[in-house]
Amino acid sequence: MTFTLTTPLYYVNDKPHLGSAYTTLACDAVARYQRLKGEPVIFITGCDEHGQKIQRTAEAAGLSPQAHCDAVSAQYRDLWERWQISNDRLIRTTDPRHRRIVEQFFARVEASGDIVEGRQQGWYCVACEEFKDDPHEAQDPECPTHRRPLEWRDELNLFFRLSRYQEAIEALIAREGFIQPASRRREVENFVKQGLRDFSISRVNLPWGIPVPGHGGHTFYVWFDALLGYLTALLEPGEEPELEAAIARGWPASVHVIGKDILRFHAVYWPAMLLSAGLELPGKVFGHGFLTREGQKMGKSLGNVLDPAELLERCGRDAVRWYLLRDIPFGDDGDFQQQRFTDLVNNDLANTIGNLLNRTSAMARRWFEECVPPAGGGLEPTHPLAQAAATARSQALNGLEALEFRSAAEAALQLAIAANGYLNEQAPWSRMKQEGTRDQVAADLYAVLEAARHVGLLLAPLLPELSARMLAQLGQTPLDSGIGTLGGANPDGGTPDSRAWLEQLAWGGLVPGATLPEPSPVMARLELDAPL
RNA sequence: GGCUCGGUAGCUCAGCUGGUUAGAGCGUGGGAUUCAUAACCCCAAGGUCGGGAGUUCAAGUCUCCCCCGAGCCA
């Protein structure tokens, strides 16, 4: 079965921020992991491009909404390319095909009797694009989050009859593992327990949106538009926009990865909509935490926004991926600290992992004719490093399976630490000064090189580039965890290389006598001359 | 106002159903070493486990109250 995973469709009101990059990065690691396992993957990301806020932003900039969306979504596309994100799709809700899918989906929901007209009046925040039901502020109320004046609205809208799905949703969120991390489940449970209320799915007088068929003057409101992008995205490029066809490509999604702020919409509203349309439900919804910076919320007013493009430019992909995936428990809030960032990257990647490979390769080349030394006892499955590698493998796989990147990263790192420790214990450089120790030295170096190979393999989903450099340095063929062809899916999933990943994670894969390329540091230390 | 999740060494965090001297990494200090990217390896210092009360033979771990932070719903 196809492993479909999604990032949210990012709202193109403004240029991409670090939070979006964080989500996308995490999904990228999952997608690569699944491909390496040999699963067919559809990794979906995209842009949500409708709504009043976008219309107004565009107007303020003197652009047409479409021109504005084109410009901002191009920034997203560009950013993901530069981060080497392996997304198979980048769906835009302004894609003409999306409109057709929305119409078909809506027809199904309407046929289920789940669309009703209702009147909605109250104070409305354009920035939130939401009604604020705050009764005790009658005079010139402000939006509490945006501190902007609210507008009085009194409209006839279409509503989705969410209330009919009370029991189904209760059953769904009670399902073990549907909402992750589990710590956020209670919040949703309480929300549902209060009784689900119908929610409005359309707006009037909002030209920048998809018109609701048969209801002149109405356009779809965000959730009945953006969420459906996950379905549209399943279509092959150029394929006719038929809902059935899209579904057949890879629905249901295995996991929606989102920020914790939109958990409710993905865990409650979206499943109910799917049920109404007669579609299957996603396997899980993972709401990750937010990033702060040096203990403070990132925001324009504080002027402390970390631009993902600049971060990448100055620090490189491996460094940023490592820090975000290795140090921040996925699901919890995290704090970006520059000192810690450079400390971790330099310690873990340059000193521990990079230097391990460098020192070992140098010794092997010097004393064994630039080749992988004869394995001898280094091949034994009981070898301490063979056992450490087996432990690391299972911890890394478990971690990746559960989206616990921290644990997966830690596993690889621990193996490198074990290998460094082993080298120091055995001290082959001392042995080489004695007689009759050559076989022992060969076996020790073989085992350490083999451990380094495992580190490289385990790092493949997390740090594809460092992984490739490590494997190349060991004379191995690098893995391909990315997409086969740009924008297109592999008909049968993984590549020949990737199919072998799990098999390669067996002790003894390194061939004695194979030539070792001249070593050069696989990971440079990060020296930031100025604050980020 | 109701609810959820946190508050454990300078920093980031582990501590499962309560049970020996509360752990890891980073940072700091010291030692050892020279194969290596001044890297690696070893050792040490440092914590009244947010505060208070209670349950218990025994609480970081359970109960109640309070304080602080993040968030959800009103």
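Just so it is clear: chains get the letters A, B, ... in the order the sequence lines come, proteins before strands, and each one is counted from 1.
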[N] versus [M] - spacing of their [atom1] atoms, nearest Å:
{"N": "B:A9", "M": "B:C26", "atom1": "C1'", "answer": "12 Å"}
{"N": "B:C40", "M": "B:G29", "atom1": "P", "answer": "15 Å"}
{"N": "B:G7", "M": "B:G51", "atom1": "P", "answer": "12 Å"}
{"N": "B:G18", "M": "B:A70", "atom1": "P", "answer": "32 Å"}
{"N": "B:C41", "M": "B:G27", "atom1": "P", "answer": "12 Å"}
{"N": "B:A38", "M": "B:G60", "atom1": "C1'", "answer": "40 Å"}
{"N": "B:G71", "M": "B:U28", "atom1": "P", "answer": "33 Å"}
{"N": "B:G50", "M": "B:U8", "atom1": "P", "answer": "6 Å"}

[N] phosphate, OP1 or OP2: any side-chain N/O from [X] under 4.0 angstrom?
{"X": "A:R340", "N": "B:C13", "value": "no"}
{"X": "A:N351", "N": "B:U37", "value": "no"}
{"X": "A:R197", "N": "B:A74", "value": "yes"}
{"X": "A:N347", "N": "B:G27", "value": "yes"}

Among B:A74, B:U12, B:A39, the one nearest A:N355 by side-chain distance: B:A39
Nearest-neighbour nucleotide for the A:E187 side chain, B:G71, B:C3, B:C35 considered: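 Side chain of A:E187 sits closest to B:G71.
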Other residues, nucleotides, ligands: >12 heavy atoms within 6.0 Å of A:E167 CD: no
Rounding to a whole Å, what distance do you find between [X]:[atom1] and [N]:[atom2]?
{"X": "A:L349", "N": "B:A36", "atom1": "CG", "atom2": "P", "answer": "22 Å"}
{"X": "A:D343", "N": "B:C13", "atom1": "CG", "atom2": "C1'", "answer": "15 Å"}
{"X": "A:W429", "N": "B:C41", "atom1": "CH2", "atom2": "P", "answer": "10 Å"}
{"X": "A:D327", "N": "B:C26", "atom1": "CG", "atom2": "P", "answer": "12 Å"}
{"X": "A:R365", "N": "B:A36", "atom1": "CZ", "atom2": "P", "answer": "12 Å"}
{"X": "A:F341", "N": "B:U12", "atom1": "CZ", "atom2": "P", "answer": "17 Å"}
{"X": "A:M363", "N": "B:A36", "atom1": "CE", "atom2": "C1'", "answer": "7 Å"}
{"X": "A:L196", "N": "B:C72", "atom1": "CG", "atom2": "P", "answer": "18 Å"}

Exam field: side chain A:R469 to backbone A:G456, donor-acceptor pair closer than 3.5 Å: no
Remember a base hit wins even if backbone is also touched, and classify [X] as base, sugar-phosphate or nothing at under 4.0 Å, heavy atoms.
{"X": "A:P428", "answer": "nothing"}
{"X": "A:M523", "answer": "base"}
{"X": "A:E410", "answer": "nothing"}
{"X": "A:R525", "answer": "base"}
{"X": "A:V188", "answer": "nothing"}
{"X": "A:Q337", "answer": "sugar-phosphate"}
{"X": "A:G421", "answer": "sugar-phosphate"}
{"X": "A:R184", "answer": "nothing"}
{"X": "A:R406", "answer": "sugar-phosphate"}

Residues A:Y422 and A:H383: side-chain donor-acceptor under 3.5 angstrom: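 Note: A:Y422 and A:H383 side chains meet the donor-acceptor criterion.
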Between A:S481 and A:R32, a side-chain donor and acceptor under 3.5 Å: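 A donor-acceptor contact under 3.5 Å links the two side chains.
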Base-pairing assignment for [N] (Watson-Crick or G-U wobble, both under 3.5 Å):
{"N": "B:U28", "value": "B:A44"}
{"N": "B:U61", "value": "none"}
{"N": "B:G71", "value": "B:C3"}

Audit row: A:F336, A:F341, ring-ring contact (aromatic ring centres under 6.0 Å, His included) steps and yes/no: CA-CA 7 Å; A:F336 192 103; A:F341 170 50; 5.2 Å; yes
Basic-acidic side-chain contact under 4.0 Å: A:R82, A:E313: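 The answer is yes: the pair qualifies as a salt bridge.
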NZ/NE/NH1/NH2 to OD/OE distance under 4.0 Å, A:D335 and A:R340: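 The answer is no: the pair does not qualify as a salt bridge.
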Identified ring-ring contact (aromatic ring centres under 6.0 Å, His included) partner of A:W223 from the options A:F160, A:F265, A:Y269, A:Y230: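 Single pass found, and it is A:F265.
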Residue mapping more 5' on RNA chain B - nearest nucleotide basis, A:I353 or A:N420: A:I353
Position toward the 5' end of RNA chain B (nearest nucleotide), A:P329 or A:I417: A:P329
